[in-house]
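The analysis underlying the following values was restricted to heavy atoms, covering all of them including side chains, and did not include hydrogens, waters or symmetry mates. Every number for a ligand or one of its atoms is a count from 1 in the order of the listing.
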Amino acid sequence: MTKKSTILLVYTGGTIGMMKDYKTNALKAFDFSQIVEKIPELQQLNCKIEVISFEEPIDSSDMNTKYYIKIAEIIEENYQKFDGFVVLTGSDTMSYTSSAISFLLENLQKPVIFTGSQLPIGDLRTDAKENLITSIEIASARKNGLPIISEVCLYFEYKLYRANRTTKINAEQFEAFASMNYPPLAESGVHLQFNEHLLEQPKNVDKELIVRKKLDYNIVILKLFPGITLNVVQSIVAIPNLKGIVLETYGSGNAPTEKQFINILDAAIKKGIRIVNVTQCAGGSVILGHYETSVKLKEIGLVDGKDITTETAIAKMMYLLGENLSTEEFKHYFELPLRGEID
Ligand code: ASN
């Protein structure tokens with residue numbers, strides 16, 4: 001008989017573990033530590049499940065870098081004891097959180113699967129059970145004695161994605177996430193089908209897990225729109241202690257060519273603010289210099305975000321700023337795929 005996998009469920013909050021407060025009619029978090037008893041189906045899985053729950057579960061709108069580190073530390077402390085990890089968070093900011101965790105965990109050799117649901121687990125039509133059960137199955141899946149997955153993923157509505165490729169696209173449908181620039185790593189139908197050629201291969205197998213805990217969150221997202229004033233752009237770059245800007249440009253990385261606009265960005269970069277160019281399109285990539293409208297951005301030294309999502313650009317920026325890199329090093333590492341987040 002094969003040895004039972006051991007899986008750690010980390011419950012942080014979100015709709016999956018919420019119940020209706022019948023006085024206010026609003027959804028609020030409940031004690032999740034009893035989950036294994038409450039869902040008898042979990043006992044049919046060939047694995048041993050333990051639960052660690054946030055003392056005060058949160059709606060994912062309250063997620064922040066302090067909680068990112070808490071999740072990473074829970075995984076670090078339990079890394080040797082468990083074969084895989086399933087992290088339950090609210091779906092609203094799950095792409096941000098799971099992306100950040102993918103950078104915090106270096107040399108990861110085990111599966112870390114984020115999931116949640118659109119309806120609470122106690123609801124009759126809930127999507128929570130399928131999401132949870134399949135995530136646990138994925139976290140315990142092995143081939144030739146090794147975990148099939150050794151990266152941070154997000155599972156939702158029959159699809160497993162690389163976490164740092166995802167975006168929440170729907171607040172209503174069960175299919176709440178999309179990964180526009182990278183295909184699903186697995187699909188759950190009659191069989192659980194892994195697309196093995198798309199998986200991150202474990203690197204540095206002889207090295208131990210390193211957990212990066214220094215994140216710099218003095219950053220901002222600046223989304224361009226036709227008519228944005230110089231005053232707005234100037235005010236953003238003048239924010240005290242600002243270290244980085246994720247600049248959401250048009251199409252393949254294009255922005256106004258107005259001289260004063262470029263001068264404001266140029267001065268900010270010279271002051272040491274790191275500016276990353278990401279596209280505000282859901283899919284596709286920045287190609288700096290492809291159009292005349294991005295030539296100047298390239299010249300003044302914007303970092304090329306390539307096909308990164310905004311959520312992941314934020315996570316990667318927090319992580320790399322925390323590493324105290326020079327301007328050149330920051331640009332170099334940002335433009336390099338570190339966890340399969342860009343092509
Ligand atoms: N508001 C919830 C959260 O993100 C939404 C959900 O989990 N579906 O915590």
- [ ] Verify the distance criterion only: is there a donor paired with an acceptor across the side chains of Asn254 and Thr293 at less than 3.5 Å?
- [x] yes
Task: Heavy-atom nearest neighbour of atom 4 (O) of ligand 1 within options Ala171, Ser61, Ala176, Ser60 - done: Ser60
Open item on the list: Go through it in stages, so that I can follow the logic: the residues are Thr166 and Glu311, the test is side chain to side chain contact (heavy atoms under 4.5 Å, CB included), and I'd like the CA-CA distance, side-chain angles, deciding distance and then a yes or no.
Closed with: CA-CA 8 Å; Thr166 62; Glu311 291 88 335; over 6 Å; no
Open item on the list: Using a plain distance cutoff, I'd like to know if Thr89 has any nitrogen or oxygen under 3.5 Å from a nitrogen or oxygen of ligand 1.
Closed with: no
Task: Proximal atoms of ligand 1 relative to Gly90 (non-hydrogen, under 4.0 Å) - done: 3 (C), 4 (O), 7 (O), 9 (O)
Task: Step-by-step side chain to side chain contact (heavy atoms under 4.5 Å, CB included) determination, Asn131 to Ile16 - done: CA-CA 10 Å; Asn131 286 349; Ile16 191 163; 5.5 Å; no
- [ ] May I ask you to check if Lys110 and Tyr79 form a cation-pi contact, with NZ or CZ under 6.0 angstrom from the six-membered ring centre and within 45° of the axis?
- [x] yes
- [ ] Say whether Ser91, considering both its backbone and side-chain N or O atoms, lies within less than 3.5 Å of an N or O atom on ligand 1.
- [x] yes
Task: Of the listed options Thr97, Thr12, Thr15, closest to atom 6 (C) of ligand 1 (non-hydrogen atoms) - done: Thr15
TODO: Within a distance under 4.0 Å of any heavy atom of Gly14, pick out the atoms of ligand 1 and give their elements.
DONE: 9 (O)
Task: Same cluster (ILVMFWY, side-chain, under 4.5 Å), Leu297 and Ile275 - done: yes
